[in-house]
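Read the structure below first, then the notes.
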Amino acid sequence: PNPFNPRANIVYTLPEYAHIRVAVYDIRGRTLAVLTNGFKSAGYYTIQWNASEFSSGVYFIEMRSDSFREVRKVLHMK
């Protein structure tokens with residue numbers, strides 16, 4: 001959900017075996033957390049990000065593989 005408090009579920013699907021990296025960034029582009037970074041088989045995956053240690057604000061979640069990149073904006077409110 002967006003806004004979320006304090007956990008966000010990130011659901012994604014891989015069509016084939018690939019290296020995947022999911023990371024959280026702040027508004028300045030600093031990496032705050034790497035939620036997954038490695039090779040995964042094809043299938044459905046869910047990652048949970050617990051943002052309870054972070055202050056309220058806008059964050060970006062980036063999902064990157066060899067042939068795909070997407071960034072989503074999330075709003076964390078305490």
Side-chain angles (χ1 to χ4, degrees):
N2 193 9
F4 67 93
N5 192 17
R7 292 188 181 101
N9 289 322
I10 302 157
V11 180
Y12 64 95
T13 303
L14 290 177
E16 59 188 22
Y17 180 78
H19 182 270
I20 187 76
R21 176 183 157 97
V22 179
V24 180
Y25 298 91
D26 66 8
I27 197 79
R28 293 182 178 173
R30 295 179 295 194
T31 304
L32 301 177
V34 176
L35 305 177
T36 190
N37 187 20
F39 287 92
K40 303 272 186 184
S41 300
Y44 294 93
Y45 295 91
T46 301
I47 302 171
Q48 190 175 79
W49 177 43
N50 184 352
S52 61
E53 65 187 60
F54 299 102
S55 62
S56 296
V58 176
Y59 296 91
F60 298 93
I61 299 175
E62 177 193 45
M63 180 177 179
R64 178 187 298 244
S65 71
D66 293 335
S67 60
F68 178 82
R69 179 178 181 260
E70 184 172 350
V71 177
R72 296 275 177 108
K73 179 174 66 170
V74 294
L75 176 62
H76 176 46
M77 296 173 52
K78 285 191 172 186

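Distance check, rounded to the nearest 0.5 Å: CZ of Arg7 to CG of Asn9 gives 9.5 Å. Taking CZ from Phe60 and CD from Glu62, the interatomic distance works out to 11.5 Å, rounded to the nearest 0.5 Å. Rounded to the nearest 0.5 Å, atoms CZ (Phe54) and NE2 (His76) are 8.5 Å apart. Arg21 contributes atom CZ, which lies 8.0 Å from atom CZ of Arg64 (distance to the nearest 0.5 angstrom). For the atom pair Ser65 OG and Phe39 CZ, the distance stands at 10.5 Å (nearest 0.5 Å).
Hydrophobic clustering (side-chain heavy atoms under 4.5 Å, transitive across Ile, Leu, Val, Met, Phe, Trp, Tyr) groups Phe68 together with Leu35. In the hydrophobic clustering of this structure, Val24 groups with Ile47; members are Ile, Leu, Val, Met, Phe, Trp, Tyr whose side-chain heavy atoms approach within less than 4.5 Å, directly or through other members.
In this structure, the side chains of Met63 and Ile61 stay at 4.5 Å or more apart for every pair of heavy atoms. Within the 4.5 Å cutoff, the side chain of Ile20 has heavy atoms near those of the Tyr12 side chain.
The local environment of CZ in Arg72 is sparse, with at most 12 non-hydrogen atoms from other residues, nucleotides or ligands closer than 6.0 Å.
Legend: side chain to side chain donor-acceptor pair (under 3.5 Å) pairs involving residues 33-46, not counting sequence neighbours, sorted by first then second residue: His19-Asn37.
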